[in-house]
Amino acid sequence: MADNKKDEEKKAADAVTDDEEESEEEIPQDELDNNLLEACRNNSIDDTEFWLDKGGNPAYEKDGWNTVLWAACNGNEQLLRVLHRRGALN
């Protein structure tokens, strides 16, 4: 009887782990990059750091615009520094 209870507890714990893994689905690279570019266009340091942490490419370019160009056009020196630290200018 005790073994059955342990088996049920293990199954429940495994189910929680499976749910956690499913909630962290991999985001396609093009979506990461587009969201990062949009965050820079919107002059949002927090969103930019979020998408960089998720794996967005700091050197991504679309339609002639890149993250550094958006930050510079917005006059956001702090955002430029974040992008530089993350490899956008390498």
What are the two closest non-hydrogen atoms of [X] and [Y], and how far apart are they?
{"X": "L89", "Y": "H84", "answer": "CD1-CD2, 3.2 Å"}
{"X": "G87", "Y": "P58", "answer": "C-CG, 4.1 Å"}
{"X": "D47", "Y": "A39", "answer": "CB-CB, 3.6 Å"}

How far does [atom1] of [X] sit from [atom2] of [Y], to the nearest 0.5 angstrom?
{"X": "R41", "Y": "C73", "atom1": "CZ", "atom2": "SG", "result": "12.0 Å"}
{"X": "N42", "Y": "L37", "atom1": "CG", "atom2": "CG", "result": "9.5 Å"}
{"X": "T48", "Y": "L79", "atom1": "OG1", "atom2": "CG", "result": "4.5 Å"}
{"X": "L83", "Y": "Q78", "atom1": "CG", "atom2": "CD", "result": "11.0 Å"}
{"X": "E49", "Y": "R85", "atom1": "CD", "atom2": "CZ", "result": "7.0 Å"}
{"X": "K62", "Y": "D30", "atom1": "NZ", "atom2": "CG", "result": "8.5 Å"}

Quick check: do [X] and [Y] have side-chain heavy atoms less than 4.5 Å from each other?
{"X": "Q29", "Y": "L32", "answer": "yes"}
{"X": "N57", "Y": "L36", "answer": "no"}
{"X": "Y60", "Y": "N34", "answer": "yes"}

Next item on the list: Without swapping roles, check the side chain of T67 against the backbone of C40 for a donor-acceptor pair under 3.5 Å.
Entry: no

Item checked: N/O donor-acceptor pair under 3.5 Å between D63 side chain and W65 backbone -> no

Note to self: Using the rule given for salt bridge (charged side-chain N to carboxylate O under 4.0 Å, His left out), can you reason through D53 versus R86, listing the C-alpha separation, both sets of side-chain angles and the distance that settles it, and then say yes or no?
What the structure shows: CA-CA 10 Å; D53 289 343; R86 298 295 195 95; 2.7 Å; yes

Notebook entry, point to check: Should I27 and F50 be regarded as members of a common hydrophobic cluster, given that ILVMFWY residues are connected when their side-chain heavy atoms come within less than 4.5 Å of each other, either directly or indirectly?
Noted result: yes

